[in-house]
Amino acid sequence: MNAPFRFTMLVAAIGVLRPGESNALRAPCCEETAAIGAPSTASLLWPNSANERARIAFRATLTSDRDLGKKVSGFARIRSMIEGRSEPLTALKRPYDVVISPDRRAYVSDGARSQVLVFDPRTRSVQYLGETGPRRGSIVKPMGLGVDARGNVYVADQGAKRVAAFAPDGTLLRIYGGPSLFLNPVDVAVDPAAGIVYVVDSYLHQVLAFRQSDGALVRRIGRNVGDVANKQRRLGIGGMDVATHGGAESDLASRSSLGHSTNRTNEPRDLVENRGSGPGEFRYPSFVAVGQTGNIYVSDAMNFRVQVFDRGGVFLRNIGKQGDRPGTFARPKGVAVDSEGHVYVADGAFNNVQIFDEQGRLLLAFGQVGRSDGELALPLGLFIDEHDFIYVADRVNDRLQVFQYLGASAANAGH
């Protein structure tokens, strides 16, 4: 890594930090250069030690198109009040995941709307990706998102049981998988150098790798002893085509929460026989990211760890374990990697983001539970862009929070 964290000194800076505590320091800082959202009026920096320079800075918040600079006329506000409507803005509601395209648009899967919102700072407006309804190209229940170097956006559609890839203009490009392959696709990431699309299926307890060019299934990561077709028949969904059975698929999706079904029946909806706790095995994986070297990082939720694989799917190491101390996890969610190879993991119970080095050693944590700037309530998806801006889907707070790693890349962005 370039200009690596100094592990021993940062542990001292964290001190006895526990989940829910803050190590934020308010201090003057540099100007934002490319964060999408309403800039912060006060700098929050981590860590809070006079002996260590700041590594993480809070930059912005994105809650609606108002944070893009959209202006609402006084007449429009008065008309909304008279008609008993809310202000004519498009606001986030229960965001699940986020990606930033090369042309600086923010794509956010909105859990309340079951849509993907596209925040465009250039036009100060919000659009919607895909169509509504059961047609090909529609999005039934979007969860995790991915993006490639060309700006194509990949949507893990839990309701349609597939991944849909869209061009920057919104044109549907390709479908990966489908009801015959997936039980519960919840996240997606792209390795453009290898031409591979990785899809997490939390009920299969697997990560499926597809060839980007034609959608062919290349390999599976995780235990693969369960009979998917038999499972689907028992669930009454085997071979369903969302183009003709969208209502049934949407009904199934509506009974789920954060990628895990809340429907309590005697028939588990996952392939129990595929669950595992050994190296390379998963128990309800939830998010996936690809680093610059091609390593694959999978948030293995109910094993309370992040598993790291090489580009060929070979297990390398674990990061973290179950616990209530720094460096452990209670509800590991989104995972992302910055320009220098540091691994970021959101924890939905600790309401923070922990940062590890490539070997899995804890470096720093930022965030705590709350609604103020720099505070989180059930953080889920993470995305780190080319400027090392860190976008966090702050689900219960109905917003994105934007931070930045102040390393070599940050210096190149004007710091």
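What you see below is based on every heavy atom in this structure, not just the backbone, and it leaves out hydrogens, waters and symmetry mates.
- The side chain to side chain contact (heavy atoms under 4.5 Å, CB included) test applied to P279 returns F315, not counting sequence neighbours.
- Counting heavy atoms from C-beta on, the side chains of R104 and D385 come closer than 4.5 Å.
- Between V197 and V188 there is a side-chain heavy-atom pair separated by less than 4.5 Å.
- Separation of atoms CG (L172) and CG (L129) is listed at 9.5 Å; rounding is to 0.5 Å.
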Run the salt bridge (Lys or Arg N to Asp or Glu O under 4.0 Å) test on R275 and D270 for me, step by step, so that the C-alpha distance in whole Å, both residues' side-chain angles and the decisive distance to 0.1 Å come before the verdict. CA-CA 9 Å; R275 296 180 195 169; D270 67 306; 2.7 Å; yes

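- Of the possible donor and acceptor atoms, one in the side chain of R395 sits under 3.5 Å from a partner among the backbone N and O of R94.
- If you take OG on S109 and CE on M143, they are separated by 7.5 Å, rounding to the nearest 0.5 Å.
- Formation of a donor-acceptor pair under 3.5 Å by the K231 side chain with backbone atoms of L271 is not found in this model.
- Judged by distance alone, with hydrogens and angles left aside, the side-chain atoms of Y391 form a donor-acceptor pair with the main-chain N or O of I36 at under 3.5 Å.
- One side chain, N224 or Q206, offers a donor N or O that lies under 3.5 Å from an acceptor on the other.
- Atom CZ of R150 is surrounded by 12 or fewer heavy atoms from other residues, nucleotides or ligands within 6.0 Å.
- The nearest pair of heavy atoms linking S64 to L89 is OG-CD1, 4.2 Å.
- When the side chain to side chain contact (heavy atoms under 4.5 Å, CB included) test is applied to T61, the partners found at least two apart in sequence or on another chain are F58, T63, D373, R399, Q401.
- Residues N274 and Y203 fail the side-chain proximity criterion, which asks for heavy atoms closer than 4.5 Å.
- Between the side chain of D338 and the backbone N or O of D388 there is no donor-acceptor pair closer than 3.5 Å.
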Decide side chain to side chain contact (heavy atoms under 4.5 Å, CB included) for D357 and L362; before the verdict, give the C-alpha distance in whole Å, the side-chain angles of both, and the deciding distance to 0.1 Å. CA-CA 7 Å; D357 68 12; L362 177 67; over 6 Å; no

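- Residues Q292 and S339 are in side-chain contact: their nearest non-hydrogen atoms beyond the backbone lie under 4.5 Å apart.
- Partners of F329 according to the ring-ring contact (aromatic ring centres under 6.0 Å, His included) rule, which considers only residues two or more places apart in sequence or in another chain, are F356.
- Between the Q212 side chain and the V190 main chain, no donor and acceptor come within less than 3.5 Å of each other.
- Residue pairs meeting the side-chain hydrogen bond (donor to acceptor under 3.5 Å, both in side chains) criterion with at least one partner in residues 302-315, sequence neighbours excluded, are D191-R311, D300-N303, D300-R305, D300-Q307.
- The CD atom of E358 lies 11.0 Å from the CG atom of L316; values are rounded to the nearest 0.5 Å.
- Judged by distance alone, the side chain of T328 and the main-chain N or O of D324 form a donor-acceptor pair under 3.5 Å.
- Taking CG of L62 as the reference point, atom CZ of F119 lies at 5.0 Å (rounded to 0.5 Å).
- The shortest side-chain heavy-atom distance between N352 and F366 does not fall under the 4.5 Å cut-off.
- Distance check, rounded to the nearest 0.5 Å: OG of S114 to NZ of K93 gives 14.5 Å.
- For the atom pair Q322 CD and M302 CE, the distance stands at 8.0 Å (nearest 0.5 Å).
- The minimum heavy-atom distance between A112 and D110, with the atom names listed, is N-OD1, 3.1 Å.
- Contacts classified as ring-ring contact (aromatic ring centres under 6.0 Å, His included) and involving residues 205-227 (residues at least two apart or in different chains) are given here: F182-F210, H205-Y284.
- For T41, there are no side chain to side chain contact (heavy atoms under 4.5 Å, CB included) partners at least two apart in sequence or on another chain.
- Side chains of D148 and Y154 form a contact here, defined as non-hydrogen atoms less than 4.5 Å apart.
- D157 places a side-chain N or O within 3.5 Å of a backbone atom of K141 that can act as its donor or acceptor partner.
- For the pair D394 and E375, the tightest heavy-atom approach, listed with the atom from each and the gap, is OD2-O, 3.4 Å.
- In this structure, R113 contributes its side chain and L92 its backbone to no donor-acceptor pair below 3.5 Å.
- Among V116, V99, V98, D97, the single residue meeting the side-chain contact (heavy atoms from CB on, under 4.5 Å) criterion with V108 is V98.
- In this structure, A289 and A336 approach most closely via the heavy-atom pair CB-CA, 4.1 Å.
- Of the possible donor and acceptor atoms, one in the side chain of S299 sits under 3.5 Å from a partner among the backbone N and O of P332.
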Go through the steps for Y344 and I384 under the test side chain to side chain contact (heavy atoms under 4.5 Å, CB included), then give the verdict. CA-CA 9 Å; Y344 297 63; I384 301 179; 3.5 Å; yes

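- Between the side chain of D187 and the main chain of V288, a donor-acceptor pair closer than 3.5 Å is present.
- Q404 approaches R59 most closely through the heavy-atom pair OE1-NE, 3.0 Å.
- Looking at heavy atoms from C-beta onward, D347 lies out of side-chain contact with K333 at the 4.5 angstrom threshold.
- Using a 4.5 Å cut-off on side-chain heavy atoms (C-beta onward), L235 and R269 make contact.
- Nearest approach of P95 to L380, heavy atoms of both residues: O-CD1, 4.2 Å.
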